[in-house]
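What you are looking at is a predicted structure, and each value in this text was computed from that prediction instead of being measured. Position 1 is the first residue of the sequence, and the numbers go up from there. Every heavy atom of this structure was used, including side-chain atoms; hydrogens, water molecules and symmetry mates were not.
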Amino acid sequence: MTNNATIAVRTQEQTAPSKWRSVARQFGVVWSNTKARIGIIILAVFVITAIAAPLLAPYGASQNGFPRSADATAAHWMGTTAAGEDVLSQIIYGARISVLVGAVAGFLSTLVAVAIGLSWGYVRGWIAEVIGFIVNLFLVIPGLPLMIVIAAYLQNGGIAVIIAVIVVTGWAWGARVLRSQTQSLRGRDFVTAAQFSGDGATRIVFREILPNMTSLIVGSFFGAATSAILAEAGLEFLGLGDSSIVSWGTILYWAQNSNALLTGQWILLFAPGLCIALLAMSLTLINFGVDAVSNPRLREGARRKRKEATA
């Protein structure tokens, strides 16, 4: 093995552990934040529930044949629906849709926001003006009415259509935030050095600027995922999604259609609503810890408060 090859191997061996140490250190910063720690625990509970739904649910998601609109009993802890389905089982299986939509729609929205935001912040001239016009157009148009119109036009297209609608209407704000940060980094010395070394715009954007925006991108993902979870539940509740699937939004939709409040089955509205609120809150709480990663002043303030509390 030549000296150059030996040096390359050693460099790779040193780089990989350093990356893992960096990730562990950043996670430690997030975990040290009390709000973020609570959010991580709540999110972990919902993710585990979604993955292990067949093991945790006492019955199938759409299994019926039970007494209709029954109150809570030992066999049905939350009662049954107007169609004779177990409410607890539906709540457990409903976590799958919300977690899936939050993860996929949040990831895709962030991906589009990153691609457009970084390009918009780095390029200049008429291309930047065209991108700016498109982004501002999506920002000016009210998101909820646009989402309702698109979902109504593509009704009964399944969960994929819901995700597509959320992505189309949810990327613009993240792109604008990332564009501002890209413009700030564009004038830094390491970018100027890369330009003088002959690197192309694509390499500079995705190899030099992008790694310095990791915490901001992660925060954008959690914000997009939160909006996606709420949007999916809202569209399903309005009957603009696939009413045949079991999700927290469809539980609310069928509860409204069966006049659950009039029959005293408030649990059909309270349980899925609480789950939606808790899942969205967990992502918001995690964002507090992500902000601490990108803003050292927040970490210093947290340490100061802990010292004052222990003094």
Side-chain angles (χ1 to χ4, degrees), residues 1-30 103-139 163-164 166-225 228 286-287 289-296:
M1 184 179 290
T2 63
N3 293 332
N4 292 335
T6 304
I7 293 173
V9 172
R10 290 179 178 176
T11 302
Q12 292 177 355
E13 292 176 350
Q14 293 174 356
T15 302
S18 64
K19 290 182 178 179
W20 285 112
R21 283 197 296 269
S22 177
V23 172
R25 185 170 59 252
Q26 291 179 355
F27 179 79
V29 173
V30 176
V104 176
F107 173 77
L108 294 178
S109 296
T110 305
L111 193 65
V112 175
V114 168
I116 294 179
L118 268 65
S119 302
W120 184 22
Y122 186 80
V123 301
R124 297 178 181 178
W126 65 271
I127 299 178
E129 293 180 0
V130 171
I131 297 175
F133 172 78
I134 296 173
V135 174
N136 290 327
L137 181 63
F138 275 89
L139 288 173
I163 293 175
I166 294 172
V167 172
V168 168
T169 58
W171 59 269
W173 178 252
R176 190 172 188 85
V177 173
L178 294 173
R179 178 244 187 179
S180 300
Q181 185 66 12
T182 303
Q183 286 184 322
S184 175
L185 295 173
R186 186 178 59 187
R188 300 289 179 86
D189 293 338
F190 65 90
V191 175
T192 304
Q195 291 172 341
F196 279 116
S197 65
D199 291 341
T202 303
R203 188 185 186 282
I204 293 174
V205 168
F206 292 102
R207 295 293 298 273
E208 302 293 339
I209 296 178
L210 181 62
N212 292 279
M213 302 173 64
T214 304
S215 58
L216 188 62
I217 293 172
V218 173
S220 178
F221 165 75
F222 283 117
I286 295 174
N287 240 342
V290 175
D291 289 339
V293 174
S294 59
N295 190 351

About how many Å separate [atom2] of [Y] and [atom1] of [X], when rounded to the nearest 0.5 Å?
X	Y	atom1	atom2	value
W120	L178	CH2	CG	10.5 Å
I131	R179	CD1	CZ	10.0 Å
I204	F190	CD1	CZ	10.0 Å
L111	W171	CG	CH2	12.5 Å
N287	S215	CG	OG	10.5 Å
R203	L210	CZ	CG	12.5 Å

Judged by atom type as modelled, is there a donor-acceptor pair below 3.5 Å linking the side chain of S220 to the main-chain atoms of L216?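 Side chain of S220 to backbone of L216: no pair is present.
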Counting neighbours of CZ on R176 that are heavy atoms of other residues, nucleotides or ligands and sit closer than 6.0 Å, is the number greater than 12?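 Counting other residues, nucleotides and ligands, CZ of R176 stays at 12 neighbours or fewer.
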Which one of V167, V168, I166 satisfies the side chain to side chain contact (heavy atoms under 4.5 Å, CB included) criterion with L108?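 With L108 as partner, V167, V168, I166 yield a single side chain to side chain contact (heavy atoms under 4.5 Å, CB included), made by V167.
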What are the two closest non-hydrogen atoms of [X] and [Y], and how far apart are they?
X	Y	result
A103	F221	O-CE1, 3.7 Å
G117	T182	O-OG1, 4.1 Å
S109	G170	CB-O, 4.2 Å
L139	A172	CD2-CB, 3.8 Å
V123	R186	O-NH1, 4.0 Å
E208	A194	CG-CB, 4.1 Å

